[in-house]
Amino acid sequence: MNSPLSYCPNLREVMERLRTLYDRRAMDRIFAVMMIPSRAISDFAARYPAGPCDYPDPEDRLAFWDAHLRSRVEVLDDSVPSAYLSECDQGLYGGIVGGEVRYAADPETGWISSMVPPVLKAWSDVDALTANTRSEAFRRFRRQLDVFRSGGTGKFGISHFILIDGLNFVFELVGATETYIALYERPERIRQAIDFAFDLNVMVQETFFAADVLVEGGTCSNMVQWIPGRIVSESVDPFHMTSVDDFERWGREPVERVLARFDGGVTHLHGNGRHLLEAVSTVRGLKAIRLGDDRGYPRAFDILPEIRQRAGDVPLVVACRFEEFVRSLRRERLTGGTLYQVADVPDAATANRVMEEVRRYRR
């Protein structure tokens, strides 16, 4: 049967494999995304230095993603090709409520992301917050979504993108420091902003899913590749700098509320957020956790058996390098129930040879 995505000729096999992972039926198996060199990212880096930049032409961004994903057609791994609306990152949500959206380029990934300076001058301004669907930020989101959907149809999907709800949204309004202070001095304002953020995020994500972005009934994902249902991408980053008790008081309910509004969600933990692992692993509706690596903390790959023990049977996504992945694969030391994002793979032929071993692996 032909694949519905020409840039993923083995899509149906990949979907069945990923379905077993996210249904938590693959604790003895491993999965892998093999990252080969990308000319599209090299070309992007030659055009964009790291740092602030203007909002790009969506057609130009479509061309970037098309070239990048097309270059991976011969890689028969566990990836599902999808473009990421990186420009509609954090800044979209702040921009919808009147913030000044600023963009920045990352030459290493080919992303152009967005943020806003604090939107509000005073806490009392929360009372006047409105979601302006005629704002420039929202109009850019809709146009870029339309351009990607039209240009990618039949070739690649469109990934879900990050929620900015809960304390993440309060950061957009007043900044991180004022948010943390307000947890103790203005809790009623925090709750008010969180409630507003829920409605805002639901509106944005419903707009995304209404654009016919599902592939074979599932959501494409920069975090987990593809997963059945309408799945959102949540963030608990503000609690990386707080205690587990703070997460339980301020984080769990908003996260579980929005995950219940859809078909669940995925999230990520940075190195400084691993103290949250047990708590986050028990969030209702959570489908998977991507583990980030940060300076000053052990790499997740190096301590994965310990992380697996703490996370239970939650599917994990972990980054590693090609040589160490192959070495651990052949020594049968890879942790099951995990999607490995393998960097520095020399070429497609090498990737495919290793993937034959990956599919046979049982532990």
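As a basis for the values below, the full set of heavy atoms in this structure was taken, side chains included, without hydrogen atoms, waters or symmetry mates.
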Closer than 4.0 angstrom, basic N to acidic O: yes or no for [X] and [Y]?
X      : Y      : result
Arg299 : Asp302 : yes
Arg17  : Asp78  : yes
Glu206 : Arg230 : yes
Arg140 : Glu136 : yes
Arg72  : Asp66  : no

Pair [X]-[Y], side-chain donor/acceptor within less than 3.5 Å:
X      : Y      : value
Thr219 : His160 : no
Arg290 : Gln341 : yes
Ser86  : Asp89  : no
Asp237 : His268 : yes

Check: Arg310 side chain, Glu278 main-chain N or O, donor-acceptor pair, under 3.5 Å
no
Report yes or no: does Asp165 contribute a side-chain atom to a donor-acceptor pair with the main-chain N or O of Asn201 at less than 3.5 Å?
no
Answer yes or no: are there more than 12 heavy-atom neighbours, outside [X] itself, under 6.0 Å from its atom [atom1]?
X      : atom1 : value
Arg284 : CZ    : no
Asp127 : CG    : yes
Arg362 : CZ    : yes

Nearest 0.5 Å, what's the CG-CZ distance between Leu339 and Arg29?
12.5 Å
